[in-house]
Every structure is written in structure tokens, then in C-alpha cells.
Student: 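Please find one structure pasted underneath; my questions will follow.
These values consider heavy atoms only, across backbone and side chains, with no hydrogens, waters or symmetry-generated copies.
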Amino acid sequence: MIEELDFMGNGEINYNEFIAATANMNSLVNETSLKAVFDLFDPCGCGKISHDDIAKAMSRMGIELPSE
């Protein structure tokens, strides 16, 4: 998943990459709601989403991801 969204190739998804990846979504999705969702995956507020951030966010939602 990260590889598909990580346009910079640094192993993380930054906010601009997140916006670009979701730009073609339904028009009901706006930048404010996207920022809120991004922030759920970026709890430290560093502006990037790592593999660990995704795993932790999904775990909080009751979804356990495989380690790979």
C-alpha cells in the first residue's frame, strides 16, 4: 500500500502524497475531512505516515494487519 502512494520513494506517505492519492475520490470528501483522516494515521503530527503508523491506526479500529 505505501509503495503505491509513496511518490517520493522514502517509505512514508506525506500529506501531499495522501492528498494526491485521494484526489479522485467522491466530491463529498474535502480537504478538511481528508486532513482529519490523515491525522488519525499521523498521531505524532510529523506530517508523514509510516508502516508502523498504519498498523497502529488499523489496530485501534480492531483490524490487525499481517507483519509483512
Student: Check whether any side-chain heavy atom of I54 lies under 4.5 Å from a side-chain heavy atom of H51, and answer yes or no.
Tutor: no
Student: My understanding is that only residues two or more places apart in sequence, or in another chain, count here; which of them pass side-chain hydrogen bond (donor to acceptor under 3.5 Å, both in side chains) with D53?
Tutor: S50
Student: Taking all heavy atoms of K48 and all of F38, pick out the closest pair and write down the distance.
Tutor: N-CZ, 4.1 Å
Student: Show the nearest heavy-atom pair for residues N16 and N14, with the distance to one decimal.
Tutor: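 Shortest heavy-atom contact: N-OD1, 3.0 Å.
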Student: I need the I13 CD1 to N10 CG distance, nearest 0.5 Å.
Tutor: 9.5 Å
Student: Of all heavy-atom pairs between P43 and L40, which one has the smallest distance, and what is that distance?
Tutor: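 For P43 versus L40, the nearest heavy atoms are CD-O, 4.2 Å.
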Student: For the residue pair D39 and K35, what are the closest heavy atoms and their distance?
Tutor: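 That closest heavy-atom pairing would be OD1-NZ, 2.7 Å.
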Student: Measure the spacing between CG of D42 and CZ of F18 and express it to the nearest 0.5 Å.
Tutor: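 With rounding to 0.5 Å, CG (D42) is 10.0 Å from CZ (F18).
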Student: Under the ring pair (Phe, Tyr, Trp, His ring centres under 6.0 Å) test, which residues partner F41, sequence neighbours left out?
Tutor: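 By the ring pair (Phe, Tyr, Trp, His ring centres under 6.0 Å) rule, F41 matches no residue at all.
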